[in-house]
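Working notes for the structure below.
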Amino acid sequence: MKRTKIATVHSSNPPSGQVLIKGWVRTRRDSKNFSFIEINDGSCLKNIQVVADDGLAAYDQIRKLATGSSVEVTGEIVASPGKGQAWEVRAEAVTLVGDAPDSYPLQKKRHSDEFLRTIAHLRPRTNKYGATFRIRSALAQAVHRFFGERGFYYIHSPIITGSDCEGAGELFRVTALDVDNPPKIGGGVDYSQDFFGREANLTVSGQLSAELFALALGDVYTFGPTFRAENSHTRRHVAEFWMVEPEMAFCDLDGNMDLAEDLVRNLTGAIREQCKEDLDLFARFVDKSLPQTLQTVVESDYIRLPYREAIDILRSAEKTFEFPVSFGSDLQSEHEKFLTEVHFKKPVILYDYPKTIKPFYMRANADDETVAAMDLLVPGIGEIIGGSQREERLDILEARIKAAGMDVEQYWWYLDVRRYGTVPHSGFGLGFERLLMLLTGAANIRDVIPFPRTPGSIEF
RNA sequence: UCCUCGGUAGCUCAAUAGGCAGAGCGGGUGGCUGUUAACCACUAGGUUGUAGGUUCGAGUCCUACCCGAGGAGCCA
């Protein structure tokens with residue numbers, strides 16, 4: 001007989017007939033003449049209740065089935081006379097596939113997120129983490145659907161990069177040298193003998209690759225892992241995370257902001273449609289205000305505010321900030337929080353930042369003071385998107401690379417696309433896990449990625 | 001890297017002022033029951049994060065370290 005997934009049973013109307021269920025025992029309750037076994041197979045949040053009566057061949061074994069064991073059950077779907085479920089499986093055979101001894105760490109009770117992080121290999125077997133990772137999967141597929149429907153091409157940008165000054169971020173070195181005894185030259189390590197013939201690192205962004213391809217295929221995006229070696233200890237940072245990075249040729253900052261808003265709104269709407277049951281778990285047990293938050297994200301227009309005006313709002317606010325605000329200073333967490341959570345209470349896109357606090361590739365505005373940068377900030381999390389119109393003018397870009405103290409030679413290919421048929425273009429990076437935090441109400445980024453990598457922690 | 005809080009049974013936590021280490025859940029045994037985080041009774045389960053110190057006596061006070069969490073910074 002062919003296996004039936006529990007999600008299929010619950011979505012049939014009405015469910016009926018013979019089924020073969022395969023899954024893991026969540027709980028078992030005994031009655032006088034039978035045992036109630038609740039089985040979950042990960043296909044959906046709901047379990048299915050199996051009723052096994054004492055006439056079954058393996059009833060002695062069934063009575064001992066422990067939480068966490070894997071089983072196969074054949075039986076007939078019937079209307080349930082009990083409360084709490086409309087249907088149940090009247091078992092004809094129950095087979096133990098894999099036993100779970102009493103050292104199985106997951107109980108029927110609620111566990112703390114901190115404890116579950118220590119058993120990240122088992123936590124997807126809980127209701128909450130099962131829901132999280134079903135939503136994560138749906139969100140990833142919604143990303144591809146969003147861009148596919150709009151004629152964007154998906155680019156696989158490299159994970160290992162050779163540019164050693166991509167930005168101020170700390171990089172993870174990639175080497176095939178014997179780190180205990182590396183070849184030396186002039187007192188330092190001789191990377192000319194390394195695998196690539198020079199220093200290499202894990203990527204911190206697919207943006208540069210995406211720009212090159214946007215100036216060939218028009219509208220493109222990357223969606224892959226990125227790596228930051230910062231020694232950050234916050235609930236919003238991990239060392240390995242996923243970013244969605246669209247890049248559009250013939251697009252200015254306004255078009256960029258339009259896409260950012262459209263993307264966040266569309267993805268949120270898609271998850272609201274497709275993952276109702278899983279989202280409801282978060283609304284009930286994690287964040288009671290989640291439905292309201294998601295409604296705001298989907299239905300309200302986002303505020304668009306020049307950095308300069310944000311500074312004015314912050315300066316005239318009654319609240320006193322720990323860090324003073326002035327034009328030219330980067331906004332601190334407390335300032336972002338004030339704008340999204342107190343002043344506007346909805347997503348805010350800030351744009352036209354001072355060029356002194358933004359990287360070299362952002363397009364200089366006519367005022368010679370700001371660049372065409374934009375950040376999308378959301379309540380509760382802060383920045384989930386950062387992007388800009390890129391500097392497409394060769395001479396200005398060269399000057400800015402030099403002013404940043406970087407090596408123009410290293411970026412010959414980045415400059416080449418400005419040299420040959422340059423066009424205005426724009427793009428941004430969306431933190432995939434940050435968006436997941438927004439969608440689920442999860443307070444910690446480590447709880448929306450399967451196996452989080454943080455300073456001092458790489459188990460699993 | 002800095003600041004704050006925490007670490008007690010498998011899990012979640014309690015333990016007055018420095019004075020016999022406990023409860024619920026989970027496990028085991030028995031009972032009851034179309035049960036719903038089932039219920040009732042009994043039962044096993046501990047190097048109180050590690051190392052030192054103060055004290056007649058330390059889970060509790062002191063020092064160092066380890067681990068976790070929150071905040072800040074860092075953060076294309």
Side-chain angles (χ1 to χ4, degrees), chain A residues 26-38 46-53 64 66-68 78-85 88 90 100-119 122 126-127 161 163 165-171 203-211 222 226-239 241 243 245 247 285 321-323 330-334 337 353 357-362 371 373-375 382-383 385-388 390 404 427-431 434 443-447 454-457 459:
Chain A
R26 278 296 174 79
T27 175
R28 200 198 72 251
R29 298 174 290 271
D30 294 322
S31 187
K32 188 170 186 181
N33 298 312
F34 27 70
S35 200
F36 298 97
I37 313 162
E38 283 203 43
K46 281 200 193 108
N47 304 328
I48 194 153
Q49 174 165 288
V50 171
V51 183
D53 73 51
K64 289 194 157 66
T67 301
V78 296
S80 175
K83 296 171 193 138
Q85 64 284 314
E88 64 191 19
R90 186 160 295 277
D102 61 19
S103 54
Y104 184 64
L106 290 172
Q107 299 174 17
K108 307 174 204 177
K109 224 178 66 168
R110 190 189 168 279
H111 289 287
S112 67
D113 292 323
E114 289 82 359
F115 170 67
L116 291 170
R117 265 170 234 152
T118 69
I119 51 167
L122 294 173
T126 65
N127 287 339
T161 68
S163 19
C165 38
E166 281 196 11
E170 294 291 319
L171 303 167
T203 184
V204 295
S205 164
Q207 178 194 322
L208 300 189
S209 303
E211 281 191 56
T222 72
T226 53
F227 308 87
R228 309 280 168 91
E230 266 99 32
N231 190 19
S232 296
H233 299 261
T234 81
R235 60 190 183 82
R236 304 181 307 281
H237 292 90
V238 278
F241 62 99
M243 261 210 299
E245 295 179 284
E247 195 72 33
F285 299 117
F321 297 106
E322 186 187 345
F323 295 91
D330 214 350
L331 296 186
Q332 307 290 321
S333 297
E334 57 172 345
K337 272 191 183 133
Y353 282 77
I357 59 173
K358 289 294 183 183
F360 70 92
Y361 55 77
M362 293 187 174
V371 290
M374 64 100 176
D375 285 352
E383 180 185 341
I385 281 179
S388 67
R390 319 306 189 187
F428 59 82
L430 164 71
R434 296 236 176 129
N444 196 310
I445 197 168
R446 290 163 224 164
D447 297 334
T454 53
S457 172
E459 194 66 68

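Stem analysis of RNA chain B (at least three stacked-register Watson-Crick or G-U pairs, each with both distances under 3.5 Å) gives B:1-7 with B:66-72, B:10-13 with B:22-25, B:27-31 with B:39-43, B:49-53 with B:61-65.
Nucleotides B:A41 and B:C32 have their P atoms positioned 15 Å apart, rounded to a whole Å. Atom name P, nucleotides B:U63 and B:U4: the rounded distance is 12 Å, in whole Å. Nucleotides B:A21 and B:G49 place their P atoms 15 Å apart, quoted to the nearest Å. Comparing B:G34 with B:U43, their P atoms sit 28 Å apart, to the nearest whole Å.
The side chain of A:H233 lies closest to B:G71 when the candidates are B:C74, B:G10, B:G71. Checked against B:G71, B:G68, B:G73, the side chain of A:F323 finds its nearest nucleotide in B:G73. For A:R228, the listed nucleotide lying nearest its side chain is B:C75; candidates were B:G71, B:C75, B:G27. Of the candidate nucleotides B:C75, B:U1, B:A72, B:U1 has the atom nearest to the side chain of A:N231.
Every salt bridge (Lys or Arg N to Asp or Glu O under 4.0 Å) that A:E38 has, sequence neighbours left out, goes to A:R29. Here A:K46 pairs with A:E277 under the salt bridge (Lys or Arg N to Asp or Glu O under 4.0 Å) rule; sequence neighbours left out. Under the salt bridge (Lys or Arg N to Asp or Glu O under 4.0 Å) criterion, A:R26 pairs with no residue at all, not counting sequence neighbours. Among residues two or more places apart in sequence or in another chain, the salt bridge (Lys or Arg N to Asp or Glu O under 4.0 Å) test is passed with A:K337 by none.
The shortest distance between side-chain heavy atoms of A:R28 and A:T67 does not fall below 4.5 Å.
A:H237 comes within 4.0 angstrom of a base, heavy atoms only. Residue contacts shown for A:S112 are limited to sugar-phosphate atoms, with no base heavy atom under 4.0 Å away.
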>> How would you summarise protein contacts on nucleotides 33-43 of chain B per nucleotide, using B for base, S for sugar-phosphate only and - for none, with heavy-atom distances below 4.0 Å?
In response: BBBBBB-----
